[in-house]
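So the structure is just underneath, and the comments pick up after that.
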Amino acid sequence: MSKYILPVSVFGTVFGCAVLLKNHVTGGPCPSKAKIPGKTVVITGANTGIGGRIIMGCRDMEKCEAAAKEIRGQTLNPHVYARHIDLASIKSIRQFAERVNQEEKHVDVLINNAGVMRCPAGKTEDGFDIQFGVNHLGHFLLTNLLLEKLKDSAPSRVVNLTSLAHIVGEIDFNDLNWDNKKFDTKRAYCQSKLANVLFTRELALRLEGTGVTVNCLHPGVVATELGRHTGLHQSQFSSSVLSPFFTLLVKGPELGAQPSVYLAVAEDLEGVTGCYYDVMIEKEPAPKALDQEVSRRLWEASARLMGLEQEQAPSAAVPASNGAQEKPSTDPDTKIRAKHPLSVLEQTGMNPAV
């Protein structure tokens, strides 16, 4: 019997270290134990719930209904609903928002989670580049259509999913929809993810004093259908040699949803707005994402493309999370709010999952 002790101990130690390393790399579960009874959460592209009254907005209703049924069964929460929304269609977005505004007494959390990644060249129903249209314009329109409900429900939160890929993104105001230049699926994706961060910061400014906070996050590498156009595991080399590394670094959908849950419910984030999170650690986004003139121009261009009335960009910064006011600044690198304590921590970034 004793001859088995050493190999079993070695195996157990290696396995335990692997689990701990994966939890560290992937961020682990949401540390917050906050509950949201009586609150309403609207989430696009959903396949998991986070409690309360959940409105799951999805394009594929068969999958959405199945996910809603599974969540109701696992959580014993009967208030999980599947609703159709196609973020590639202005008409569909408006219909979804109208139904939410009419049927829901309040919206406490909006999670803009849906997205497409590195897909072939294509246009939305209304003629926009599919990645820019779905990842940015669709959520831009939906958020604006639900803003009054969010304000009436304050304190409320908007959570935008972006990606580490925003770091290399460029906003081409001369050709946002790739109508005149050769299409590059990677650059198109990165542009849409940079747009998510710029939208977050501009919206935070415009919602100053309303009680609605807005933050964005890179969730890490998540094993979902999002990466179906990237070509991973389609070669013998990636399938056999790289698989162990992907297993360590990539997390499943449940673990991948934890950063969204954290930003949606964590009590220590009350009043925190305009920030970017790498998984669950606040970090400084790319310098291009801090340019307030670019975020203002993007807002105005997006409002024009979506047929929304344009509003003048504010000149003052959002209040700091500790209640103190920051002085207005023309420096594009100025953060919207005072540093949160979590910002002193460091965490290594990874490839995008959204």
Checklist outcome for this item: Those residues at least two apart in sequence (or on a different chain) that pass salt bridge (Lys or Arg N to Asp or Glu O under 4.0 Å) with Lys151 are Glu148
Item to check | Glu104 and its salt bridge (Lys or Arg N to Asp or Glu O under 4.0 Å) partner, picked from Lys39, Lys149, Arg53 | outcome: Arg53
Checklist entry - So, His139 versus Phe199, ring centres under 6.0 angstrom or not? => result no
Checklist entry - Going by an N to O cut-off under 4.0 Å, is there a salt bridge joining Arg187 and Asp172? => result no
Checklist entry - Shortest non-hydrogen contact from Leu308 to Asn144? => result CD1-CB, 3.7 Å
Item to check | salt bridge (Lys or Arg N to Asp or Glu O under 4.0 Å) involving Arg297 - partner list, sequence neighbours excluded | outcome: none
Item to check | His218 vs Tyr276 side-chain heavy atoms within contact, under 4.5 Å | outcome: yes
Checklist entry - Got a sec: does the NZ of Lys181 have more than 12 other heavy atoms crowding it under 6.0 Å? => result yes
Checklist entry - Among Lys193, Met117, Gln191, which residue meets the side-chain contact (heavy atoms from CB on, under 4.5 Å) test with Asn135? => result Lys193
Checklist entry - Can a donor-acceptor pair be found between the side chains of Asp268 and Tyr262 at a distance below 3.5 Å? => result yes
Next on the checklist: With a 4.0 Å cut-off on N to O distance, would you call Lys123 and Asp179 a salt bridge?
Outcome noted: yes
Next on the checklist: Under a 3.5 Å cutoff, is there a donor and acceptor pairing between the side chains of Asp86 and Ser92?
Outcome noted: no
Checklist entry - Are Leu141 and Val100 linked, directly or through other ILVMFWY residues, by side chains that come within less than 4.5 angstrom of each other? => result yes
Checklist outcome for this item: All heavy atoms of Leu142 vs all of Leu110, minimum pair found to be CD2-CD1, 4.3 Å
Next on the checklist: By the ring-ring contact (aromatic ring centres under 6.0 Å, His included) test, which pairs, at least two apart or in different chains, include something from residues 96-135?
Outcome noted: Phe132-His136
Checklist entry - Do you see a donor-acceptor pair shorter than 3.5 Å between the side chains of Ser260 and Asn113? => result no
